[in-house]
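Input: a single structure, listed below in structure tokens.
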Amino acid sequence: MAAASRTEASRRPDWRALALAAAFVAAIAVPLFLDPQGYWIRILTLALIFAALGQAWNIVGGLANQISLGHAAYFGTGAYASTVLLIHFGLSPWIGMVAGMALAVVIALVLSVPTFRLKGHYFALATLAAGEAMRVIANSWKEVTGGPVGLSVPFTPEDSFWLMAYGAPRPFYWIALGALAVITVVFWRIKSGALGYRLRAVKENEEAAEVVGVNTFRAKLWASLISAAATAAMGTIYVQFNYFFDPDTVFGVASISIRMALVAIVGGIGTVIGPIVGALVVIPLEEVASAALQGQAAGLSAFAYGAILIAIILIEPRGLVALWQRLRGRMSRRAP
Amino acid sequence: MQFLQALVDGVLIGGVYGVISIGLSLVFGVMNIVNFAHAAFLMLGMFVAWFAWHYLGLDPLLGAFLSFAVIFVFGCGVQRTLIRPILKAPQVAQIFLTVGILIVLENAALLVFGADFRSVQTPYQTSAFDIGGIIVSKPYLYAFAMALLSGAAVWAFLERTPIGRAMRATSQDPMAATLMGIDTNLMHMTAFGIGVGLTAFGGAVILPYLTASPTVGAHYVVLMFTAVVLGGLGSVAGAVVGGVAVGIIQSLSTLVFPIQLQNLILFVVFILVLALRPEGIVKRRAA
């Protein structure tokens, strides 16, 4: 029976991998049909960035059920590392990205000591405080971060891949798509590999996992280091795309930490396509709502954002993917 | 002298932190949920008191009772419609539901009240007692006194009344409580209402020395969590002790560190307390 379920399990992801790869190829062509300076290419790029962030969050949040509310700590680290190196040393953001990832790994290592013994709500609280601590540091360490005023990515007159600088959003779309593809593959490999099984053991019952010999600390550590590095890399891409940022945006609880998790939760926590579906729904919805309502009433789009979050959790806590499966199941049952 | 002054200020501010944190602890103790939206109810309480002052001329120290009543009813409604369905849901759903409530309440306030900062004028606002060189600010002192009173009232309610006893029974063993004929759903709703009502009460009494705005709650989120974790999540008296401790830490840290780092110290204390005391917390939950 075990053998049968395993062959079935290995056959099905193949089919899905093919579908996802086809979607990826199709996604490469999408910008060719959009106005290169337009509104939609910007929104789609942002959605891809958040899909990648949701996927990075999913590694710890989804697979191991460690609900982090402080991933902005890594995101902001990536944002500041690459920009500071670019401003002061003229280093390419690609190198800065690697430096930011390394720094994020160090921070994740330091945070693992006090937070890994905590579960559920306590873990969420501790990570929330860690993210906020980073925001306070960035706000007060003016010599490096520019303080509350923020930093701007230096202007480059010509497009340059080496400096990750482009006048139009289109190249960023492809960069973000590439990053999403890489992180998705990493997530997939983890999920179907040995680490994924260990993380799932942590999720189901940590004590039992320990008893049968799973080193839960090491499993959680690997997952969170990979997740931190991926999040930092997206921080670099995000600020190169956005030019300007301040501590409250890149270290923000609502703007980054919650949004990353939200994207994964809305789509389907712990699934491969969850964060992608979630980001493609949440980000355009938010952007369109805030553009349509701009100036009319401050807070309306954020209000809607919160209301959608509540509605999704009350209707189907496992997200849109599960909702879709449920609806499809109901319809096929109804069919003769 | 400077040290003593900081200590006095810390205790006075911390007493209020204690009271606004009681609800967080109570809600966790009774229904095992961390309410991330708790600070938003503090903000709503401040607005209720501000409107009572603006239109009725009610001093916020008295308006606090109105704040409690209004937010109690509102909180019961929120618990009934939004929290009850997810009491048995996975933790991730619980966390993000209350985060969603936080976002909705904050932005609803922004929509309805606007982003302005609103303050009240009271005759005692800028006056203080001078006790042997220690300056005791009157608004701080009054807020502290009101906070302690309400804290004591809640304690008496939980310890001395039949409803309070039923509530404690629900928190200890919901199944056994149900068998004893206690309506646990009603207890959950009442506990949530009292919890957020109390934080609204605390919001009102600090209005004489602070300003109300839709985002004011953000300043209190980590403060409150630190207070309840210090005192032990689920414990009412612990929340008050934890609150006073937080006030003292905050006040004393400004003697040594620049004021911008005040909250950083608190975050570090918070993470350390979480890391060093999880056994105590887990034991409480198992009890």
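So you know, we letter chains A, B, ... as the sequences are listed, proteins then strands, and number each from 1.
- Within the 4.5 angstrom heavy-atom criterion, atoms from both the backbone and the side chain of B:Ala93 approach chain A.
- The minimum heavy-atom distance between A:Ala124 and B:Phe36, with the atom names listed, is CB-CZ, 4.2 Å.
- For the options A:Leu69, A:Ile269, A:Val113, A:Asn139, heavy-atom pairs under 4.5 Å to chain B are most numerous at A:Leu69.
- Annotation: side chain of B:Ile95 is in contact with side chain of A:His121 (closest heavy-atom distance under 4.5 Å).
- Considering only heavy atoms from C-beta on, B:Leu97 stays 4.5 Å or farther from A:Leu309 through its side chain.
- For A:Ile310, the parts lying near chain B are the backbone and the side chain together; criterion is any non-hydrogen pair under 4.5 Å.
- Atom-to-atom distance recorded for B:Leu276:CG and A:Arg117:CZ is 7.5 Å, nearest 0.5 angstrom.
- Side-chain atoms of B:Phe267 and A:Leu128, non-hydrogen and from C-beta on, never get closer than 4.5 Å to each other.
- A pairwise comparison of heavy atoms in B:Leu274 and A:Ala126 identifies CD1-CB, 3.4 Å as the closest pair.
- Of the residues considered (B:Val104, B:Val268, B:Ile103), B:Val104 shows the highest number of contacts with chain A, using heavy-atom pairs under 4.5 Å.
- For a residue to count as touching a neighbouring chain, one of its non-hydrogen atoms must lie under 4.5 Å from one of that chain's; by this rule A:Leu125 touches chain B with backbone and side chain alike.
- If you measure heavy-atom distances from A:Ile308 to chain B, you find no contacts under 4.5 Å at all.
- Sparse packing is recorded around CZ of A:Arg198, with 12 or fewer heavy atoms of other residues, nucleotides or ligands lying under 6.0 Å away.
- For B:Gln94, the part sitting under 4.5 Å from any heavy atom of chain A is the side chain, from C-beta outward, and nothing else.
- Around the CG atom of B:Leu264, the shell of radius 6.0 Å holds more than 12 heavy atoms that belong to other residues, nucleotides or ligands.
- Atom CG of residue B:Leu82 and atom CG of residue A:Leu314 lie 6.0 Å apart, to the nearest 0.5 angstrom.
- Looking at B:Phe96, both its backbone and its side chain come within 4.5 Å of chain A, counting heavy atoms on both sides.
- A:Phe123 contributes atom CZ, which lies 12.0 Å from atom CD of B:Gln91 (distance to the nearest 0.5 angstrom).
- Counting heavy-atom pairs closer than 4.5 Å to chain B, the top-ranked of the candidates A:Ser140, A:Ala261, A:Ala130, A:Ala302 is A:Ala302.
- Residue contact with chain A, scored on non-hydrogen atoms closer than 4.5 Å, involves the side chain of B:Ile86 exclusively.
- Heavy atoms of B:Ile101 lying under 4.5 Å from chain A belong to its backbone as well as its side chain.
- Of the two parts of A:Ala304, neither the backbone nor the side chain holds a non-hydrogen atom closer than 4.5 Å to a non-hydrogen atom of chain B.
- More than 12 heavy atoms of other residues, nucleotides or ligands shown are found within 6.0 angstrom of CZ on A:Phe116.
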